[in-house]
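One structure is given below, encoded as structure tokens.
Treat the numbers as computed from the prediction; the structure is a model and nothing was measured.
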Amino acid sequence: MRVTMASAAARADRANEDFTGAVPTAAVLIDGAGIPGAESVCRHGVAWYASRLGGNLLSLLSLVPDRSLPALLAEAIERVTDAHRDSCDVADPIGPSATVAMLRVADGLVEHLVLGDSYVVLDRADGSPLIRSDPREVVISRAYQSKLAATAEGSDEYHRVLRELRAHRNQPGGFWLAKDGPRAADEALTGRCPASELAGAVLLSNGASRLVDRFHLADWPVVMAVLAASGPVEIIRRVRQAEARHAVPADDATIAHCTDLAAC
């Protein structure tokens, strides 16, 4: 498997809270999430959480290839939680968390996992791309958008609304992310298909997917064509142009484009 990756921080003065990496038969993308005040409950921060989770997943994918993707994610969450359980309030709702996208190729099959609003896009050789993302956080967040828009960012009321939204995280009827409890892995979306049916696949953080799902400047077949012709950097460049044109604050944007899947 060949993997081409690109990642760009939202701002030059802030750490990139995305992570992506690959081993010969698998790729991982982590999109770290946090809200203001998270540093008061975790001294490590969101970027640390994302990179630790991604690093643990890559290690497990290499060393334990016969376990399911949800089982590997559950163990990785537990490992990261144990790494800062004694120094941080890992259970606090505003603590670091992350969305997860994973791809693994083995025995002629391509397996994928998505937890949260990152994307896995499977480029089918004889059909339109198959899109996999978990919409639950997006759906629940809509009820809070008007409250947040009407409240001064950074105010006590703004933080209260964010805490209220985050109270739905990792709860029945809510949305699920990697955080401190391995049970979240059981809520991930998973699937598999023959590698021979795919021309490639791509993992995207929601900062990169906004070219399609927020700005509507391309559809997924166009994204796959651009990736094949110019690589992930070109998609991120177009996202940054759109953010500037629409005066939308930039987000960390990360892409892992996987090809030659049938060679594994």
Side-chain angles (χ1 to χ4, degrees), residues 2-22 27-36 38 45-51 53-54 96-103 114-123 129 131-135 137-138 141-142 144-145 148-149 153-154 158 162 177-178 199-259:
R2 179 181 178 185
V3 183
T4 306
M5 297 176 284
S7 187
R11 303 195 310 266
D13 62 344
R14 188 179 69 84
N16 189 337
E17 295 174 347
D18 288 353
F19 169 95
T20 191
V28 168
L29 187 148
I30 308 295
D31 185 351
I35 64 175
V46 175
W48 175 90
Y49 183 87
S51 62
L53 183 64
S97 61
T99 70
V100 181
M102 301 168 62
L103 189 85
V114 179
L115 183 67
D117 62 358
S118 288
Y119 280 82
V120 171
V121 181
L122 302 175
D123 189 14
I131 317 305
R132 296 289 278 168
S133 186
D134 183 348
E137 181 176 6
V138 174
S141 296
R142 287 175 185 151
Y144 295 86
Q145 288 175 351
L148 291 171
E153 186 172 352
Y158 190 86
L162 282 177
L177 302 174
V202 61
L203 316 181
L204 306 96
S205 66
N206 67 354
S209 66
R210 54 174 43 180
L211 187 72
V212 176
D213 59 22
R214 178 161 186 170
F215 298 122
H216 308 292
L217 295 174
D219 59 15
W220 289 112
V222 167
V223 168
M224 300 310 296
V226 172
L227 286 169
S230 304
V233 170
E234 175 61 17
I235 297 295
I236 294 176
R237 185 188 70 82
R238 296 186 187 192
V239 169
R240 292 290 183 252
Q241 284 185 332
E243 290 165 341
R245 188 181 310 122
H246 295 277
V248 172
D251 190 10
D252 299 333
T254 302
I255 299 172
H257 183 212
C258 307
T259 54

Pairs satisfying ring-ring contact (aromatic ring centres under 6.0 Å, His included), at least one member in residues 232-256, at least two apart: Phe215-His246

Distance-minimising heavy-atom pair for Ala250 and Glu243: CB-OE1, 3.4 Å

In terms of heavy-atom contacts, Ala10 and Asp252 come closest through N-OD1, 2.7 Å

Only one of Leu29, Thr4, Val202, Asp18 clears side chain to side chain contact (heavy atoms under 4.5 Å, CB included) with Ile255; which? Val202

Under the side-chain contact (heavy atoms from CB on, under 4.5 Å) rule, what do Asp31 and Thr254 come out as? Steps first, then yes or no, please. CA-CA 8 Å; Asp31 185 351; Thr254 302; over 6 Å; no

Test side-chain contact (heavy atoms from CB on, under 4.5 Å) on Tyr49 and Val46; report intermediate values, then the result. CA-CA 5 Å; Tyr49 183 87; Val46 175; 5.6 Å; no

In this structure, CG of Leu203 is separated from OG of Ser209 (nearest 0.5 Å) by 12.0 Å

Could you check whether any side-chain heavy atom of Val248 comes within less than 4.5 Å of a side-chain heavy atom of Arg210, counting everything from C-beta outward? yes

Tightest non-hydrogen contact, residues Ala8 and Ile236, listed as CB-CG2, 3.9 Å

Distance-minimising heavy-atom pair for Ser118 and Ser205: OG-CA, 4.0 Å

Can you see whether Thr99 engages Asn206 through a side-chain donor-acceptor pair at a distance of less than 3.5 angstrom? no

Spacing of Ser133 atom OG and Tyr119 atom OH [to the nearest 0.5 Å]: 4.5 Å

Which heavy atom of Ala256 sits nearest a heavy atom of Thr20, and at what distance? CB-OG1, 3.6 Å

Listed once per pair and sorted, the side chain to side chain donor-acceptor pair (under 3.5 Å) pairs that draw on residues 221-236, sequence neighbours left out: Glu234-Arg237, Glu234-Arg238

Side chains of Trp220 and Val212 in contact at under 4.5 Å (non-hydrogen atoms): yes

Side-chain heavy atoms of Asp251 within contact of Arg214, under 4.5 Å: no

For the residue pair Ala47 and Glu17, what are the closest heavy atoms and their distance? N-CG, 4.0 Å

Separation of Leu227 CG from Leu204 CG (nearest 0.5 Å): 7.0 Å

So Ser7 and Asn16, do their side chains get closer than 4.5 Å, heavy atoms only? yes

Working to the nearest 0.5 Å, report the span between CE of Met224 and CG of Asp219. 11.5 Å

Report the residue from Val100, Val120, Leu103 that forms a side chain to side chain contact (heavy atoms under 4.5 Å, CB included) with Val114. Val120

